[in-house]
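These figures come from a predicted structure and were not determined experimentally. Counting convention: from 1, in listed order, for ligands and their atoms alike.
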Amino acid sequence: MLLRGERLGEISDDVLEFISSRDADRHIFEADLLVDRAHLVMLKERGLIAAEELSEIVAALDGIELARLGEGEDVHEAIEAELIARVGAIGGRMHTARSRNDEVATCIRIVLREELLGLMAEVNGLAEALIERAGEHKETVIPGFTHLQHAQPTTLAHHLLAHADALLRDFDRLRDSYHRVNRSPLGAAAFASTGFDIDRKRTAELLGFEGLLENSMDAVSTRDFLLEALSASAILMVNASRLAEELILWSTSEFGYLELDDLFTSTSSIMPQKKNPDTAELVRGKTGTVFGSLVAALAIVKALPMSYNRDLQEATPNLWRGISTTRGAVRILAGAVSSAKFNKERLEAASGAGFSTATELADSLVRRTRIPFRNAHQIVGALAAKREVPTIRDLDEVAERIAGFRPSERGFGKKELEAALDPKENVAVRSRIGGPAPEETGRMVADRRKRIEENGCLIEEMKGRVDRALAALREMR
Ligand code: ARG
């Protein structure tokens with residue numbers, strides 16, 4: 001082993017396996033080589049290594065493969081050992097003015113920023129799928145629920161746009177966290193920075209970071225950036241699981257509001273008739289996995305004294321698990337939403353069920369007869385207790401008893417009653433900002449489409465900045 005030498009002597013396989021991060025380090029192998037290159041280029045520019053040493057070391061790094069790495073408690077040690085095996089003692093210059101502490105933190109940030117951009121693209125894709133389906137169903141009147149009880153009619157567009165807006169906020173949270181992730185801890189060394197005349201801003205620039213994590217003690221010891229990405233993912237999964245739950249519920253024969261495409265379902269090994277919404281169920285289940293990743297990471301880093309502690313190594317695999325689980329869930333949901341068949345007839349037939357037009361009946365009474373809303377609420381409540389669609393005679397009778405007047409004598413007749421009880425009319429009059437009326441959901445669809453396009457451009461821009469920096473770095477030798 002490269003590091004123990006005469007200081008510590010041999011290590012047992014058991015202890016080595018216990019302290020090793022080699023398995024999770026596969027995620028940061030490529031990033032580590034980039035960090036090596038940036039650091040070496042900077043060392044050369046500052047006159048801390050010779051130009052020929054840079055070329056020789058970089059050429060050797062080019063040939064290093066993850067699968068062929070030898071021993072070492074982590075990928076950093078294994079790469080350095082392999083480098084020295086290839087170029088001899090000058091390979092040992094690479095770790096000048098550097099520690100694995102700033103190295104690993106830099107690697108995690110490089111991989112995480114890429115994962116975040118990928119996740120952002122997937123979230124944007126799911127929001128887009130919802131918005132497109134909403135655009136197809138501006139006129140589709142459906143039951144709206146509170147307490148999972150029929151509440152008021154709405155439209156499918158309105159319902160799908162509600163999920164889309166939640167996801168657009170998730171996008172914003174991920175984008176915000178990206179800017180705090182995309183900062184360089186490199187050059188902090190173990191924690192106290194270094195007496196070598198290094199240029200931290202230069203390595204940050206070479207690696208495509210937006211700036212520095214300045215305080216060298218903070219730089220190596222914080223994992224708040226990873227907690228933030230996991231938190232945003234956990235919140236996103238709360239939203240994804242709500243959508244998944246409705247896909248499950250709505251595809252039961254009791255609801256029958258939609259049918260998932262075969263691709264997103266499974267059947268039973270014993271019940272040949274079954275078509276189960278397994279993908280949506282797994283999104284719901286994986287939400288627990290992502291929460292677990294966040295809670296594990298929080299618990300691991302809490303109350304750690306300054307600065308680097310090996311506990312931090314234990315947080316990282318939770319990050320990769322949390323983010324990749326979230327990405328998979330969002331991607332699958334986008335496919336399920338795009339291909340789902342909504343049962344328009346059934347949705348429309350159910351839209352007035354459970355006297356869901358009662359609110360509009362009370363509202364219409366107020367608008368037409370000028371009685372206080374509470375009186376109207378009491379009148380319609382009394383009608384609802386009878387559990388049948390009211391006739392104008394029922395209404396007159398109840399209103400007279402409760403409020404001392406007959407609506408039909410104050411301009412609220414059969415025609416007004418019918419309009420109030422029509423789910424389509426209910427939706428049509430709800431045209432205020434954010435309401436379900438087709439003109440309003442149409443406006444929201446157009447507006448959100450623009451947001452989707454802007455988000456796409458933003459991702460391209462952020463990705464382009466990083467890609468250009470890294471492409472240039474790969475050419476340096
Ligand atoms: N593998 C470690 C990690 O993931 C980085 C190495 C720092 N090790 C150390 N003994 N200072 O955090």
Nearest non-hydrogen protein atom, [atom]:
atom                    : value
atom 12 (O) of ligand 1 : Tyr308 OH, 2.5 Å
atom 1 (N) of ligand 1  : Gln313 OE1, 2.9 Å
atom 10 (N) of ligand 1 : Arg100 NH2, 3.4 Å

Legend entry - Contact check, Asn101 vs ligand 1, heavy-atom distance below 4.0 Å: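 Contact check Asn101 vs ligand 1: positive.
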Using a 6.0 Å cut-off, check whether atom [atom1] of [X] has over 12 heavy atoms from anything other than its own residue.
X      : atom1 : value
Glu136 : CD    : yes
Arg242 : CZ    : no
Ile433 : CD1   : no
Gln273 : CD    : yes

Inset, instruction - Would you mind telling me if ligand 1 is within reach of the side chain of Glu103, the backbone, both or neither, using heavy atoms under 4.0 Å? - result: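 Neither; nothing of Glu103 gets under 4.0 Å from ligand 1.
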Inset, instruction - Give yes or no for whether the N/O distance cutoff of 3.5 Å, strictly under, is met between Asp74 and ligand 1. - result: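 Yes, there is a polar N/O contact under 3.5 Å.
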Inset, instruction - Before signing off on this row, confirm whether Ser21 and ligand 1 have an N or O atom pair separated by under 3.5 Å. - result: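 So ligand 1 has an N or O lying under 3.5 Å from an N or O of Ser21.
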Inset, instruction - Indicate yes or no for a side-chain donor-acceptor contact from Thr287 to the backbone of Val283 under 3.5 Å, with no hydrogens or angles considered. - result: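 Checking the backbone N and O of Val283 against the side chain of Thr287, a donor-acceptor pair under 3.5 Å is found.
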Legend entry - Numbered atoms and elements of ligand 1 in range of Arg310, under 4.0 angstrom, heavy atoms: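 Near Arg310, meaning under 4.0 Å from one of its heavy atoms, ligand 1 has 10 (N).
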Legend entry - Residue from Lys44, Arg93, Arg477 passing salt bridge (charged side-chain N to carboxylate O under 4.0 Å, His left out) with Glu53: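 Of Lys44, Arg93, Arg477, salt bridge (charged side-chain N to carboxylate O under 4.0 Å, His left out) with Glu53 is met by Arg93 alone.
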